[in-house]
Number of protein chains: 2
Amino acid sequence: MSTTQSPRSDTRTRIIAVALELFSEQGYEKTSLREIADRLGVTKAALYYHFKTKDDIVHGIVQTMAAPIDETIAWGEQQQWSPEVRDELIRRFAAGMAERAPLLRFFHENQPALRESSAGLEFKDRMIRMIRLVQGPDASFEDRLRATMALFSINSAFFLLKNDQEGLAQHLVDPGNEAKVHSVHEAMDAALTVATEISGLIKG
Amino acid sequence: MSTTQSPRSDTRTRIIAVALELFSEQGYEKTSLREIADRLGVTKAALYYHFKTKDDIVHGIVQTMAAPIDETIAWGEQQQWSPEVRDELIRRFAAGMAERAPLLRFFHENQPALRESSAGLEFKDRMIRMIRLVQGPDASFEDRLRATMALFSINSAFFLLKNDQEGLAQHLVDPGNEAKVHSVHEAMDAALTVATEISGLIKG
DNA sequence: GTCTATAGGACGATAGAC
DNA sequence: GTCTATCGTCCTATAGAC
């Protein structure tokens, strides 16, 4: 961030932040524009000044949040594939995602709402390109699946973390002595370990 | 199936089938009761004779579809954990899921809608128990993540299959020579291979 | 750039006849 | 067991004043 980004407006930025939070928590459909507006202390009509439709807010979220993934993809598409490049792709993806867990969660949990939206399709394209970069050329179906799981494990680590933090499913019998993790940093370290292991199975 | 199950009624069964299909395709929120009723050639009010609420339909779906998972969990909870038991759990889970891909897809894509519903919580409990059985006792956070990814890979294989069948993302440049797969059987074989590999990383 | 006011429609759910 | 009819609520989105 060497240049000062000029946010199109402060309110616009705040709308995106609040919308992402609420969409992630409760889902796209269950979050009404009234709720977003109330949280910001404005009215619904004000939202419509900044965004043409509800779906357009999603588009704004993707545009502002997905930039690091694009950079990783652009980098990867210039490399000759090798196991080292593959591991570096995973490392960069994980690093970019660490601060962007809400975006991942939002996409993970709102697939139906996003399937028809252009923003959703764009994001899906990004993920498919990332998977292709990781799997390498002439990949078998198994290798495609391994690449998918390697990237997904980044994502899943944050869900496990979140469950641990919320103390979810504490009512279940036999929790055993399983290790919980309590910081984003710990979760990301573990995620990177497992993701690299799984991607190491490619072309095995 | 040695005994003849008496379906509570044929219409009830048909409602569940259609609802599962539509919920999986378009999501829970975007599927209206009118749409389900129309597809069946009945009215909304008829649905309310069989199910108290829209959410109750989800409950019906889970009850009828999740039985094989319960059997696997019950079996697993009686075993002393070992790598062999772990692999057998994955094998049984995959076998049960092969015909039940729509259910997995439904849960994968409707997390927000299901978070507060009792049916959704019940299903989540099932998955947590499966993960705990696979990860074994005294699991590290990494092992928990590995177990999660092993089970998820079954699920993801069906998504890849579905994308291949739909010819999705064909517009993306550089499809390469990646291998596509065209039958559920092939996808399940691959899924089992990868899931076993990943679970083999546990306690590595 | 934000407001009030409201159009206009879809939805889940219920009442009561048959 | 299925119907018609409707209630009450909530929604996205727009028009127009300030």
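Just so it is clear, the structure is predicted and the values come from calculations on it, not from any experiment. Each chain gets a letter, A, B and so on, in the order its sequence line appears, and its residues count up from 1.
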_Length of the NZ-P vector between B/K30 and D/dC11, whole Å_ = 16 Å
*Between protein and nucleotides 12-18 of chain D, map the contacts as a letter string: B base, S sugar-phosphate only, - none, heavy atoms under 4.0 Å, written 5' to 3'.*
BBBB---
_Between A/R144 and A/E142 (salt bridge meaning N to carboxylate O under 4.0 Å), is one present in this structure?_
no
Can you give the donor-acceptor pairs under 3.5 Å from side chains of residues 44-53 of chain A to other protein atoms, not counting sequence neighbours?
unit_1	atom_1	unit_2	atom_2	d
A/T53	OG1	A/D55	N	3.3
A/T53	OG1	A/D56	N	3.1

_Expressed as a whole number of angstroms, how long is the span from B/H50:NE2 to C/dG12:P?_
18 Å
*Could you check how far CG of B/D56 sits from C1' of C/dA13, rounded to whole Å?*
13 Å
*Pairs in or reaching into residues 23-33 of chain A: which pass side chain to side chain donor-acceptor pair (under 3.5 Å), with residues at least two apart or in two chains?*
A/Q26-A/T31, A/Q26-A/E35, A/K30-B/E116
_A/D38 CG - C/dT2 P separation (whole Å)_ = 15 Å
*asked:* Output the rounded distance in Å from CD1 (B/I36) to P (C/dA13).
replied: 11 Å
*Flag the pair A/R91 and A/D87 as a salt bridge only when some basic side-chain nitrogen lies within less than 4.0 angstrom of an acidic carboxylate oxygen.*
no
*By nearest nucleotide on DNA chain D, pick out whichever of B/V42 and A/E35 is the more 5' one.*
B/V42
*Apply the ring pair (Phe, Tyr, Trp, His ring centres under 6.0 Å) test between A/H108 and each candidate in A/F123, A/F158, A/F23, A/F159; give the one that qualifies.*
A/F159
*Between A/T11 and C/dG1, does any side-chain N or O lie under 4.0 Å from OP1 or OP2?*
no
*Is any side-chain nitrogen or oxygen of A/Y49 closer than 4.0 Å to OP1 or OP2 of C/dG1?*
yes
*How long is the line joining CG of B/L40 and P of D/dG1, in whole Å?*
15 Å
*Can you tell me how far the CD1 atom of B/I73 sits from the CZ atom of B/R92, to the nearest 0.5 Å?*
12.5 Å
*Are OP1 or OP2 of C/dT2 and a side-chain N or O of A/T43 less than 4.0 angstrom apart?*
no
